[in-house]
Amino acid sequence: MPFRPRLWPTVFTVPAVLVMLALGFWQLDRLAWKSAIIDSFESRVTQPAVAPPAMIDDIQAWQFRRVAATGRFLNDKEIHLTGRPFEGNAGFHVVTPFVVDGGPTVLVNRGWVPMDRRLQSARPETLPDGQVTIDGIVREADRKGYFVPENEPGREIWFTVEPAAMAAHRDLGPVANYYIDALRPTVRPTVLPIGAVAEHPGPQRAPAVRDHLVPAGDHPAGGLRGLAPPAGAQGAGGPGVSAPAAVPATPATDALEARFRRLAAVEGALGVLSWDRMVMMPAGGGDARAEQTATLGVIAHEIAHRTGDRGPAGGGRRRAADTAGGPPTSGEMRRRHAHATALTSALVDATARATARCETAWRAARAGSDFSIVQAPLAEVVRLSREAGSAKASALGVEPYAALLDQYEPGASVARIEALFAELEAALPGILEAVLERQAREGDPTPPAGPFAIPAQRLLARDIMTTLGFDFAHGRLDETLHPFCGGVPDDVRVTTRFAETGFVSGVMGVIHETGHALYERGLPVAWRGQPVGEARGMVMHESQSLLMEMQACRSPAFLGHLSAMARAAFGGDGASWDPGNLRRVYTRVERGLIRVDADEVTYPLHVILRFRLERALLSGDLAVAELPAAWDEGMQALLGVTPPDDARGCLQDIHWYDGAIGYFPTYTLGALAAAQLYGAAVLADPGIPEAIGRGDFTRLLGWLRPNVHERASSASTDQILEHATGERFGAAAFLAHLRRRYLDG
């Protein structure tokens, strides 16, 4: 299946560091204040519980005081606090009035519930009937922060707890002028709602869910002087390609390379912390994690600025590597430095605040399928993106959209993307119609019947990752709401999600993320810590995940191997487990509304729509208020379907609302590159498909290592592809692949 972002963040690029810088100064200014709160919390929460009072005159004297009470919940009066994640998963908090026996009515924040259990009918076990006893802590009515939108009672949209307003809206009569945070009975909860823990309950902002593909970390051999080509390669990446030339050691180059190694180490630490936040961090760790990432963000930004003090990144003497046929090492340094210094602190601060507000509003808008909720915040994000695009355009010497795109795909040509997308738009509708007609003649496949035990899926996933070449001594597999790949090359973190109702999605998610992981692991060790040693942008990264997922592992050869593995894992039997049926299940094509669920025939059309709309938004040709109508019109024109609501229309992706304008094209460009690379690999070694059918990926990986992975950023994406395949980057290989798989096979 196509890449699922998952989210936000995808790549720890300079914009992410700049945003953390702005948030970092804000967090560091509040450190002393928060420390005092933590001390107060820890001293009060450990005291014996008391009965909750009817009203509190001095709320600060009661803040975080432990209380216990017996009474009954008014479940028909509950209210939902929107946009509240738990361990990276989307959800909301349930606030329910509680009538204390012989005491007041007080609002109780009972804790977190996932979005798919929003209706009470979907969670009857969370609605206690009759007398219950609660354990919790006293909380002052929420003060609305700068990032937080206003509550909208008329729309049932609540961001903060306001006892008086909530009581009036639910016609409760008098209620206490505070609320209670219910405490969960165990640190690792097993029942809903998931309440607070008896530790400092600092705020935790939901992350944007994207693939976190972080730069390489520090390495003792990370310098650029005297670099040898990776083992088995000619030069750095195939015939006719040179490795970085030796660079004479000077104090200036030593200092510059040391700074970049230090920057890579800090960014790598941020990547691992981000993984932990979305996978393993307890809910109460959000405040401490914010301090950690903010501090590291400040350090990273300071290092990025200092790389321009002298030497190549600041426009000084050209390095020997740049004049001796080697890769443009100082060119990459200059590019990164230009991104880091193009924006003023005021613009960075304003963007950080605007995207935080917009993301929060987007979660509410998507939940309510109401674009009007996020229209104004998005307009501000677009305005600031225009300003940032213009500033970076001046620094990079390109147009504003190209400057934003450069954050995700260095040096990408907007004109070239337009030409490629025009070629796809002309060819794909005809292919789609022919595929749908063929599927109608063949009839529907029969998906294997479940349920599929999660432990069995985990074991199958690990077996598949090992088959593909993943090294568990340098990585791990975990579960989260949105699959992603993070960490650093020597410690790669892969995540996925499983569902008992089917194993197809989980398996292909693991394969996709393993493709990302294999690329990170294959980056040259000798170049670690320098821009030249990092992955060559998101197009190449997507090509590696989609090559594994779409090209290799949806092939008839591999599906025969997978059929045997799946039968053994789940004890499957019957025709539904046959390779031919599994092939039809895994290659089903249909018109759909949702990009992340799209097949490889229709997926590029989803991306083309987003590419055109974000360019129009940035240029001002499309007003933000016109976005829903333009989206619906584009979906009908490109895919022949019209979204019935905003949630399945322009609100389905987080990217724009989190400030990531310029990211979308890399998805489809990666698919084109994957087809071109796989075709070249099979041409060079015709035995690759047969080996894959036996579960042997060593031959494919043996071709990818020198031709792609070990090239890192020693050349542009176009240059790497042309050297590896002998052809200019284009759409021909992808279109030929679709015709072979869906029409000729």
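Taking the six-membered ring where tryptophan is involved, the planes of Tyr408 and Tyr663 are perpendicular, since the angle between them exceeds 60° and thus also 30°. Aromatic ring pairs are classed by plane angle as parallel below 30°, tilted from 30° to 60° and perpendicular above 60°; the pair His655 and Tyr667 is perpendicular.
The side chain to side chain contact (heavy atoms under 4.5 Å, CB included) test applied to Ser413 returns Ala415, Arg416, not counting sequence neighbours. With sequence neighbours excluded, no residue satisfies side-chain hydrogen bond (donor to acceptor under 3.5 Å, both in side chains) with Arg462. In this structure, Ser385 has no side-chain hydrogen bond (donor to acceptor under 3.5 Å, both in side chains) partners at least two apart in sequence or on a different chain. Under the salt bridge (charged side-chain N to carboxylate O under 4.0 Å, His left out) criterion, Glu722 pairs with no residue at all, not counting sequence neighbours. Considering only residues two or more places apart in sequence or on other chains, Arg386 meets the salt bridge (charged side-chain N to carboxylate O under 4.0 Å, His left out) condition with none of them. Every residue meeting the side chain to side chain contact (heavy atoms under 4.5 Å, CB included) condition with Thr725, not counting sequence neighbours, appears here in chain and number order: Gln676, Leu677, Ala680, Glu727. Asp478 pairs by the salt bridge (charged side-chain N to carboxylate O under 4.0 Å, His left out) definition with Arg476, not counting sequence neighbours. Residues passing the side chain to side chain contact (heavy atoms under 4.5 Å, CB included) test with Ala393, sequence neighbours excluded: Pro400, Ala403. The side chain to side chain contact (heavy atoms under 4.5 Å, CB included) check on Ala338 picks up Ala395, Leu396, with sequence neighbours excluded. Scored by the side-chain hydrogen bond (donor to acceptor under 3.5 Å, both in side chains) test, Asp491 finds Arg493 as partners (sequence neighbours excluded). Residues passing the side-chain hydrogen bond (donor to acceptor under 3.5 Å, both in side chains) test with Glu614 are Tyr401, Trp656, sequence neighbours excluded.
Inter-residue side-chain proximity for Leu343 and Lys392 is flagged as met; some heavy-atom pair is nearer than 4.5 Å. At least one side-chain heavy atom of Met540 sits less than 4.5 Å from a side-chain heavy atom of Ser543. Phe472 is listed as a side-chain neighbour of Thr466, based on a closest heavy-atom distance under 4.5 Å. In this structure, Trp362 and Asp658 have side chains that are not in contact, with every pair of non-hydrogen atoms separated by 4.5 Å or more. Arg536 has its side chain out of reach of Val708: every pair of non-hydrogen atoms, C-beta onward, lies at least 4.5 Å apart. Contact annotation: the side chain of Leu547 approaches that of Leu704 to within less than 4.5 Å [non-hydrogen atoms, C-beta and beyond]. Here the side chains of Val488 and Glu267 are not in contact, with every heavy-atom distance at 4.5 Å or above. Using a 4.5 Å heavy-atom threshold, the side chains of Glu513 and Met465 count as separate.
Heavy-atom minimum distance, Leu384 versus Ala354: CD1-CB, 3.5 Å. Across all non-hydrogen atoms, the minimal contact from His516 to His541 is ND1-ND1, 3.0 Å. Nearest heavy atom pair, residue Phe470 against residue Leu518, reads N-CD2, 3.9 Å.
A salt bridge links Asp406 with Arg335: the closest approach of a Lys/Arg side-chain nitrogen to an acidic carboxylate oxygen falls below 4.0 angstrom.
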